[in-house]
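Ligands are counted one by one from 1 in listed order, and the atoms in each one are counted from 1 as well.
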Amino acid sequence: MDPADAQAEMCRLIEELNRHNYLYYVLAAPEISDREYDRLYQRLTALESDFPDLVSVDSPTQRVGGQPLDKFTTVRHALPMISLDNTYNPDELRAFHRRVCERLGVSTIRYIVEPKIDGVSLSVRYEGGLLTRAVTRGNGREGDDITANVRTIRSIPLRLRTLTPPPVWEARGEVFMADRDFANLNDHRAANGDPPFANARNATAGSLKLLDPQVVAQRPLDALFYAHGESVGISPDSQKELLGTLQALGFKTPEFIQESSGVDDVLEAIAELDRRRALFPYQIDGAVIKVDDIKVREILGATAKAPRWAIAYKYEAEKATTRLKAVTIQVGRLGTLTPVADLEPVVLAGSTISRATLHNFRELERKDIRIGDRVEIEKAGEVIPAVVRALKGQRTGGEQVLERPTHCPVCHEPVHESEAEVALRCVNPTCPAQVRERLRHFASRGAMDIESLGDALVQLLVDSDIVHNPADLYELDVTAREQLCSFPGLGSKSVANLMAAIEQSKKQSPWRLLFGLGIRHVGARAAQTLTRHFSGIDRLMSCTVEELQDVSEVGPVMAESIVAFFSNAANRELLDRLREAGLRFVEESLDEGPKPPSFFAGKTCVLTGSLQSLSREQVREKLEAMGARVTGSVTSKTDFLIVGADPGAKLGKARNLGVAILDEEALLAHLDSSPKTIIDESEADAGEKGIPVQQTFGF
Ligand code: IVH
């Protein structure tokens, strides 16, 4: 393909991918499947590696990139990012309204009431339509340049969605994590032995402060915009128009915007928002009341801290107090010791709470929380109730300080404590608590999904020394089964169900197996990316840290963790046994149902030169449909170089590396003729006979 054609094709793909990205992440109304998206994405990646000079900064492949930073640079905001004054009750709000009316000499005014999103404020700058800089609020005058991190947030456009971009446009809004994403993140952290975040806001702030954009890309960040900073070429007249402009440019804006005239109307809107608060998929900590008319705002102006035309109305956080009866120490899959509060039951946000997280020992000591204390608990992120503080004034003297454990409460081995990690860790891999948690994770719905193998049964299997690791599950012999049948509550029927579920799980996709292995830092999404990239687990097992980091979204920490896992002899033995048991290590096809083995399954192919009978596009599609991976450059990992007329330097490189070379005739002979591929019948026939068909393009 000549560079001009390549460029045109790349532009088309970028536009198409960005549109699907927008439909998915901003409008939540996707038009195509993930698989179709991936296919377009891979086509773009391949073209970009063939034509690296033509890679465009707004390409979706360029969201995650660059080296980790040493520190963020401080930059000055073109216009200051001021904050808002807060009100907490109707009287304070009425006073605000009076001040506004007095300054303007009017008796009523139109306001917009928006949800106040509990996130981290951000300013994003576009020049000529392209995202050039993203900055935190900082002290309002200057903030941290976090552009590389913000580029990873899929709902923020890399290019404004307009054919006539303004010379300068700064959108201002809030980065946040949706409740469900936050809960998943904390689940993964707990499973990985990392301390959980206290709430979604902390998780967001912590993520944006990370210096490695590859790690940030793994965090489920999202953003909503409700204001603008410097703007050249666009000047909306009202808040409503501004929100419309932001939407038209490709940004997500807050839902449930109410228009109100006068203060009573505003109070009703605030109450309505409060009633709907629980329905929002993210955290709302109040309402923001803004004068709608932007010219009127200019008359009102601002103080050094906050505008005179807007105010926040904060809702009370959902809190309750109760007594801390005891602290239980949980040992996670990777040995992390987490203190959990046993509480006198109390109703909080509609449910009865008797357990709450204390996060970690450092946190517990910092807050000086003692057994017997009356404590305040809060529902953080609507998900995990957490102990916020002890009511020290109510102490009676009988409270007990909890010492940091020096030994694991389960296996009694000494615990490991490192300065870098907040967590205390049991480093005994045979600790029964870890063995149990690893098995639970393996069998869990998100991993191998062995339905009959619930928590209680896992505990029984481990405690009775029948199962110690996932491979044991697949090797349960008659004696073990008989032993199981004799346990109270476990009849032969339930054992038969369990055996059937274990057998069934052998068919699970390789990504589920990879995730189920519980490699630190490898979550479900990473497992999917990795198995897709390496067509399963086999090739992944011998990858180097560098090769792993070539996979988009894999950073150094995950890469090192994977290499360490697979270089451990016990883990390799475990994998051998799982393979022997018949589990799936190779991603044969993403389609359900058996497929005939394909010549190209799991192979890495590179194309060079032009083919007579098929366009490169078609060859790529056919190869991918047969399970091959088509990449842009020849390396020692390349299995086949497919050579057409006028081949490039890749041919010489392939010869030097001893890579197998297929010419067009050989390619066609090996291309699948099954109707599952996109080949039409005449082409398939030609392929089988090895006769190239001349194709006419352009009609
Ligand atoms: S307007 C000049 N609107 O709340 C006015 N702020 O406590 C700029 N916030 O710094 C702010 N939701 O980070 C505005 N709908 C909303 C908001 C919002 C959340 C944040 C923002 C601001 C903070 C003040």
Side-chain angles (χ1 to χ4, degrees), residues 77-88 92-93 96 100 111-124 134-144 146 150 153 155-156 170-178 199-202 204-205 208 221-231 236 238-247 251-260 266 269-270 272-274 276-277 280-317:
H77 292 294
L79 288 177
M81 273 184 94
I82 45 177
S83 188
L84 293 173
D85 284 334
N86 289 323
T87 51
Y88 295 91
E92 288 175 12
L93 189 81
F96 161 76
V100 169
Y111 293 105
I112 296 291
V113 178
E114 292 178 358
K116 180 163 163 18
I117 302 112
D118 191 11
V120 176
S121 44
L122 175 76
S123 182
V124 279
V135 188
T136 60
R137 190 159 76 88
N139 62 13
R141 255 165 296 117
E142 36 183 44
D144 285 338
I146 53 165
V150 168
I153 304 176
S155 61
I156 297 184
E170 282 181 5
R172 289 180 172 178
E174 211 77 1
V175 184
F176 65 96
M177 261 182 216
N199 55 46
R201 214 199 80 83
N202 286 8
T204 304
L208 289 175
L221 296 172
D222 203 342
L224 289 167
F225 292 85
Y226 44 68
H228 72 77
E230 189 182 5
S231 157
S238 66
Q239 178 67 11
K240 267 181 95 176
E241 195 185 316
L242 165 61
L243 293 171
T245 303
L246 284 163
Q247 282 165 11
F251 297 95
K252 223 170 164 165
T253 56
E255 294 154 63
F256 199 58
I257 305 298
Q258 301 174 85
E259 209 178 310
S260 307
V266 168
I270 293 172
E272 180 60 25
L273 179 64
D274 196 13
R276 294 184 182 230
R277 214 171 131 198
F280 277 78
Y282 42 82
Q283 290 294 296
I284 307 291
D285 61 344
V288 182
I289 298 93
K290 301 175 178 178
V291 168
D292 189 27
D293 191 322
I294 289 181
K295 291 219 169 56
V296 174
R297 291 183 186 182
E298 280 158 15
I299 301 170
L300 288 165
T303 66
K305 263 180 52 240
R308 291 199 192 89
W309 48 264
I311 200 145
Y313 187 101
K314 299 266 268 194
Y315 297 125
E316 278 295 308

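Closest to atom 8 (C) of ligand 1, if we only count protein heavy atoms, is I82 O, 4.1 Å. Taking atom 24 (C) of ligand 1 as the reference point, the nearest protein heavy-atom neighbour is S83 OG, 3.5 Å. Nearest non-hydrogen protein atom to atom 13 (O) of ligand 1 is E174 OE1, 2.8 Å. Taking atom 5 (C) of ligand 1 as the reference point, the nearest protein heavy-atom neighbour is L84 CD2, 3.8 Å. Of the protein's heavy atoms, Y226 OH, 3.3 Å lies nearest to atom 9 (N) of ligand 1. Closest protein heavy atom to atom 12 (N) of ligand 1: I117 N, 3.1 Å. With hydrogens left out, the protein atom closest to atom 15 (N) of ligand 1 is E114 OE1, 2.8 Å, a heavy atom.
Nearest heavy atom pair, residue F225 against residue G173, reads CD2-N, 3.5 Å.
Counting heavy atoms closer than 4.0 Å to ligand 1, residue K290 contributes side-chain atoms (C-beta onward) but none from N, CA, C or O. Counting heavy atoms closer than 4.0 Å to ligand 1, residue P307 contributes side-chain atoms (C-beta onward) but none from N, CA, C or O. With a 4.0 Å heavy-atom cut-off, ligand 1 is reached by the backbone of K116 and by its side chain too. Residue contacts with ligand 1 for A302 are absent, since no atom lies close enough (heavy atoms, distance under 4.0 Å). Of all the heavy atoms of V288, the ones lying under 4.0 Å from any atom of ligand 1 belong exclusively to the side chain.
Atoms of ligand 1 lying under 4.0 Å from at least one heavy atom of P115, given by number and element, are 12 (N), 15 (N).
When H77, R172, R137 are each tested for a side chain to side chain donor-acceptor pair (under 3.5 Å) with S123, only one passes: R172. Considering V266, D274, L273 as possible partners of I270, the one that fulfils the side chain to side chain contact (heavy atoms under 4.5 Å, CB included) test is V266.
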Practice item. Give the C-alpha distance, both sets of side-chain angles, the deciding distance and a yes or no for side chain to side chain contact (heavy atoms under 4.5 Å, CB included) between F256 and E272. Key: CA-CA 10 Å; F256 199 58; E272 180 60 25; 3.7 Å; yes

Q: For side chain to side chain contact (heavy atoms under 4.5 Å, CB included), just list the numbers for L221 and M177, CA-CA rounded to whole Å, side-chain angles, deciding distance to a tenth of an Å, and then say yes or no.
A: CA-CA 5 Å; L221 296 172; M177 261 182 216; 3.8 Å; yes

Exercise. Would you check, one step at a time, whether the test side chain to side chain donor-acceptor pair (under 3.5 Å) holds for D222 with S155?
Key: CA-CA 6 Å; D222 203 342; S155 61; 2.6 Å; yes

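In this pair, Y282 and F176 present their aromatic rings tilted. The plane angle is within the 30 to 60° band.
Note: E241 CD to I294 CD1 = 7.5 Å, rounded to the nearest 0.5 Å. Distance check: L242 CG to K290 NZ gives 7.5 Å after rounding to the nearest 0.5 Å.
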